[in-house]
**Q** 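Have a look at this one.
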Amino acid sequence: MADLGNPKNTIEILNKYKFVFQKKFGQNFLIDTHVLDKIIRAAEITKDDFVLEIGPGIGTLTQYLCEHAREVVAVEIDKKLIPILSETLSQYSNVTVLNSDILKTDINKLVQEKNGGKPIKVVANLPYYITTPIIMDLFERHIPLDNVTVMVQREVADRMEARPGTKNYGALTLAVRYYAEPYIAAFVPPNCFMPRPNVGSAVIRLTLHKEPQVKVKDEALMFGLIRASFNQRRKTLVNGLYNSEELNFTKDEILGAFNEIGLSHDIRGEKLSLEQFAHLANQLCSQNNTD
Ligand code: SAM
């Protein structure tokens with residue numbers, strides 16, 4: 001099968017199957033061989049690797065993964081793409097295509113069966129309508145991961161790797177940093193896709209921390225503090241936490257914790273690093289336990 005990174009080959013296969021793009025599935029297929037090479041390099045794929053691909057489409061990136069990895073499983077939600085994938089991947093014996101929604105796929109079972117439970121690489125040109133849910137789902141399910149290398153909207157990549165105090169810094173930045181180290185490997189313009197998306201894109205690699213970067217007694221409380229802080233960005237952190245419907249602290253408890261860890265009373269949440277949010281969560285947690 002010819003390289004689908006070449007737009008001529010992509011058009012030919014789409015016409016042959018009379019394929020109609022489904023907007024609801026976020027279908028923008030890659031048609032640029034340089035970008036495909038960059039994704040493989042950024043993910044550091046080797047012949048030892050088992051790779052999970054999310055949303056293979058017509059198999060463009062899958063072909064590159066099959067060439068470079070030991071084994072690939074590609075999970076595609078759109079059943080109309082399955083016969084196309086049978087043709088475009090027919091020359092590879094190291095790939096399995098599953099017709100399923102990634103959010104409903106038992107990935108832990110795949111990791112056991114295909115990689116003996118060892119950390120896997122995930123690679124995808126993600127459907128933009130569910131980028132964040134897919135990434136957070138991988139993290140929160142505690143799937144053994146080496147790295148996750150994905151094409152996302154440029155704006156989402158910028159939020160993931162933002163620094164404290166900048167406009168892009170927010171709950172997503174902190175959630176990603178808790179689990180992984182982000183690195184933007186490439187910016188990708190709309191003309192590298194068919195059809196062209198309305199926004200710029202970026203390839204971002206998230207390398208999972210081997211050891212947790214911060215020690216948190218109550219993970220859910222820390223994420224509650226983070227959400228409360230960025231839901232009310234314009235307020236001081238004290239007021240953001242006090243007014244949050246999700247949290248249940250008195251103003252005195254909050255001010256007490258701020259004093260204990262040396263936070264100024266008028267600081268805004270966007271100035272706090274992940275370590276400071278962890279510190280604050282631990283302080284509030286220990287205050288509550290001694291009440
Ligand atoms: N990998 C191909 C490429 O780079 O050309 C296609 C990428 S396209 C942006 C996203 C793909 O994800 C589509 O094929 C779409 O049908 C699929 N998809 C959308 N939602 C999905 C889900 N929940 N689970 C699995 N695949 C999904």
Side-chain angles (χ1 to χ4, degrees), residues 1-14 17 19-40 42-43 45 51-69 72-89 92 95-107 110 121-138 141 143 148-154 156-157 185-186 188-204:
M1 180 68 209
D3 179 356
L4 294 164
N6 178 336
K8 188 175 141 285
N9 298 331
T10 286
I11 292 168
E12 204 173 295
I13 197 95
L14 292 174
Y17 285 84
F19 181 75
V20 180
F21 288 99
Q22 295 284 328
K23 229 180 169 167
K24 68 171 178 191
F25 289 142
Q27 291 174 339
N28 300 95
F29 299 161
L30 269 167
I31 46 162
D32 186 299
T33 55
H34 299 293
V35 174
L36 288 152
D37 283 331
K38 264 190 195 159
I39 296 174
I40 299 296
I45 306 286
V51 178
L52 170 67
E53 187 192 5
I54 301 166
I58 57 171
T60 314
L61 178 56
T62 327
Q63 292 181 333
Y64 281 66
L65 291 170
C66 290
E67 292 286 344
H68 291 87
V72 180
V73 168
V75 178
E76 173 56 59
I77 198 169
D78 185 354
K79 66 175 187 310
K80 296 236 166 64
L81 287 165
I82 305 304
I84 304 184
L85 287 162
S86 298
E87 176 172 341
T88 60
L89 302 176
Y92 299 106
V95 62
T96 311
V97 173
L98 302 178
N99 183 203
S100 160
D101 178 343
I102 192 65
L103 296 175
K104 295 181 185 147
T105 306
D106 189 346
I107 304 174
L110 280 177
K121 289 180 176 165
V122 175
V123 178
N125 168 18
L126 284 176
Y128 291 173
Y129 75 108
I130 44 167
T131 300
T132 307
I134 289 178
I135 294 175
M136 291 319 296
D137 181 68
L138 290 171
R141 278 204 262 170
I143 290 159
V148 175
T149 304
V150 282
M151 179 85 72
V152 297
Q153 253 176 269
R154 170 159 187 177
V156 175
V188 182
N191 63 1
C192 296
F193 301 86
M194 184 184 295
R196 293 180 185 198
N198 296 326
V199 291
S201 304
V203 177
I204 189 163

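For the numbers below, each heavy atom of this structure counts, side chains included, while hydrogens, waters and symmetry mates do not. One-based numbering, in listed order, for ligands and for the atoms of each. Numbering starts at 1 and runs along the sequence shown.
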**Q** Identify the two heavy atoms, one from S201 and one from M151, that lie closest to each other, and give their separation to 0.1 Å.
**A**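 Between these two residues, the closest heavy atoms are CB-SD, 3.8 Å.
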**Q** Is Y129 in contact with ligand 1, taking contact as a heavy-atom separation below 4.0 Å?
**A**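 Yes, that is the case, since the closest heavy atom of the residue is under 4.0 Å from the ligand.
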**Q** Ligand 1 versus M151, non-hydrogen atoms closer than 4.0 Å: side chain, backbone, both, neither?
**A**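 M151 to ligand 1: no contact under 4.0 Å from either part.
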**Q** Parallel, tilted or perpendicular: which describes the rings of F29 and F21, with under 30° parallel and over 60° perpendicular?
**A**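 The rings of F29 and F21 sit tilted, inter-plane angle from 30° to 60°.
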**Q** Look only at interatomic distance and state if N28 has a nitrogen or oxygen under 3.5 Å from any nitrogen or oxygen of ligand 1.
**A**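 For ligand 1, there is no N or O atom that lies under 3.5 Å from one belonging to N28.
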**Q** For ligand 1, which atoms sit closer than 4.0 Å to a heavy atom of L126?
**A**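 The list of qualifying atoms is 9 (C).
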**Q** Looking at ligand 1, does I134 have a heavy atom less than 4.0 Å from it?
**A**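 I134 does not count as a contact of ligand 1 under the 4.0 Å cut-off.
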**Q** Evaluate the side chain to side chain contact (heavy atoms under 4.5 Å, CB included) criterion for residues I39 and N125: first the C-alpha distance (whole Å), next the side-chain angles of each, then the deciding distance (0.1 Å), finally the verdict.
**A** CA-CA 9 Å; I39 296 174; N125 168 18; 5.6 Å; no
**Q** Rounded at 0.5 Å granularity, tell me how far CE in M194 sits from CG in L30.
**A**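 Between M194 CE and L30 CG, I get 11.0 Å after rounding to 0.5 Å.
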**Q** Closest non-hydrogen protein atom to atom 23 (N) of ligand 1, residue and atom name please, with distance?
**A**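 Residue, atom and distance for the closest contact: D101 OD1, 2.9 Å.
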**Q** Please identify which atoms of ligand 1 are closer than 4.0 Å to at least one heavy atom of S100.
**A**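 Heavy-atom distances to S100 below 4.0 Å select 24 (N), 25 (C).
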**Q** Give the residue and atom name of whichever protein heavy atom lies nearest to atom 19 (C) of ligand 1, and the separation in Å to one decimal.
**A**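 Nearest protein contact, heavy atoms only, for atom 19 (C) of ligand 1 is F25 O, 3.2 Å.
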**Q** Closest approach of P133 and L103, non-hydrogen atoms and distance?
**A**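 Distance-wise, the nearest heavy atoms are O-CD2, 4.1 Å.
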**Q** Under 4.0 Å from a heavy atom of E76: give me the atoms of ligand 1 that qualify, with their elements.
**A**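 Contacts of ligand 1 toward E76, numbered from 1: 13 (C), 14 (O), 15 (C), 16 (O), 17 (C), 26 (N).
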**Q** Please report the C-alpha distance between I107 and R141 in whole Å, then the side-chain angles of each, then the deciding distance to 0.1 Å, and finally whether the side chain to side chain contact (heavy atoms under 4.5 Å, CB included) criterion is met.
**A** CA-CA 9 Å; I107 304 174; R141 278 204 262 170; 3.6 Å; yes
**Q** Hey, which atoms in ligand 1 end up nearer than 4.0 Å to a heavy atom of L81?
**A**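 Per the distance check, 14 (O).
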**Q** Would you check whether G55 has a nitrogen or oxygen atom less than 3.5 angstrom from a nitrogen or oxygen atom of ligand 1?
**A**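 The answer is yes, given that G55 and ligand 1 share an N or O pair closer than 3.5 Å.
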**Q** Answer with yes or no whether A124 contacts ligand 1, where contact means a heavy atom under 4.0 Å from a ligand atom.
**A**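 Judged by the 4.0 Å heavy-atom criterion, A124 does not count as contacting ligand 1.
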**Q** Number the atoms of ligand 1 from 1 as they appear, then name those within less than 4.0 Å of a heavy atom of Q27, with their elements.
**A**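 Taking each heavy atom of Q27 in turn, ligand 1 has 13 (C), 15 (C), 16 (O) under 4.0 Å.
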**Q** Give the single entry among N125, T60, T131, I77 that approaches atom 7 (C) of ligand 1 most closely by any heavy atom.
**A**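 The residue whose heavy atom sits nearest atom 7 (C) of ligand 1 is N125.
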**Q** Do Q63 and Y92 have side-chain N/O donor and acceptor atoms under 3.5 Å apart?
**A**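 No, because no side-chain N or O of Q63 sits under 3.5 Å from a partner of the opposite role on Y92.
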**Q** Report, as yes or no, whether the 6.0 Å neighbourhood of atom CG on N191 holds more than 12 heavy atoms from other residues, nucleotides or ligands.
**A**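 Yes, enclosed.
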**Q** Ignoring hydrogens, what is the shortest heavy-atom contact between L85 and I58? Give both atom names and the distance.
**A**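 Taking L85 first and I58 second, the nearest heavy atoms are CD2-C, 3.5 Å.
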**Q** Would you say ligand 1 has an N or O under 3.5 Å from any N or O of D78?
**A**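 Checking ligand 1 against D78, no N or O pair falls under 3.5 Å apart.
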**Q** Return yes when I31 approaches ligand 1 closer than 4.0 angstrom through a heavy atom, no otherwise.
**A**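 In this structure, I31 fails to qualify as a contact of ligand 1 - no heavy atom is under 4.0 Å.
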**Q** Show the atoms of ligand 1 that are less than 4.0 angstrom away from any heavy atom in V75.
**A**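 Heavy-atom distances to V75 below 4.0 Å select 25 (C), 26 (N).
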**Q** Does a side-chain heavy-atom distance below 4.5 Å link T10 with L4?
**A**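 Yes. Closest side-chain heavy atoms under 4.5 Å.
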**Q** Please state which part of I130 comes within less than 4.0 Å of ligand 1, counting heavy atoms only: side chain, backbone, both or neither.
**A**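 Looking at I130 and ligand 1, just side chain atoms fall under 4.0 Å.
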**Q** Given G59, G26, P56, identify the one with the heavy atom nearest to atom 9 (C) of ligand 1.
**A**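 Ranked by closest heavy atom to atom 9 (C) of ligand 1, first place is G26.
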**Q** Do the side chains of F193 and V188 get nearer than 4.5 Å, heavy atoms only?
**A**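 Yes. Closest side-chain heavy atoms under 4.5 Å.
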**Q** Using a heavy-atom cut-off of under 4.0 Å, does the side chain or the backbone of L103 touch ligand 1, or both, or neither?
**A**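 None of L103 does.
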**Q** Please could you name the atoms of ligand 1 that E53 approaches to less than 4.0 Å, counting only its heavy atoms?
**A**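 Counting from 1, the qualifying ligand atoms are 1 (N).
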**Q** Going by distance only, is there an N or O of L30 that falls short of 3.5 Å from an N or O of ligand 1?
**A**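 N/O-N/O distance below 3.5 Å exists for this pair.
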**Q** Among all protein heavy atoms, pick out the one at the shortest distance from atom 24 (N) of ligand 1; state its residue, atom name and that distance to 0.1 Å.
**A**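 Checked against all protein heavy atoms, atom 24 (N) of ligand 1 sits closest to I102 N, 3.0 Å.
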**Q** Tell me which one of I135, V152, V156, T149 satisfies side-chain contact (heavy atoms from CB on, under 4.5 Å) with I204.
**A**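 The passing option is V152.
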**Q** Please report the interatomic distance CG(D78) to CG(D101), rounded to the nearest 0.5 Å.
**A**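 Answer rounded to 0.5 Å: 12.0 Å.
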**Q** Are the side chains of I31 and C192 in contact, using a 4.5 Å heavy-atom criterion?
**A**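 Counting from C-beta outward, C192 and I31 never come under 4.5 Å.
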**Q** For ligand 1, which is the ligand I care about here, please tell me if P127 has any N or O atom under 3.5 Å from one of the ligand's N or O atoms.
**A**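 Between P127 and ligand 1 (N or O atoms, distance only) the closest approach is not under 3.5 Å.
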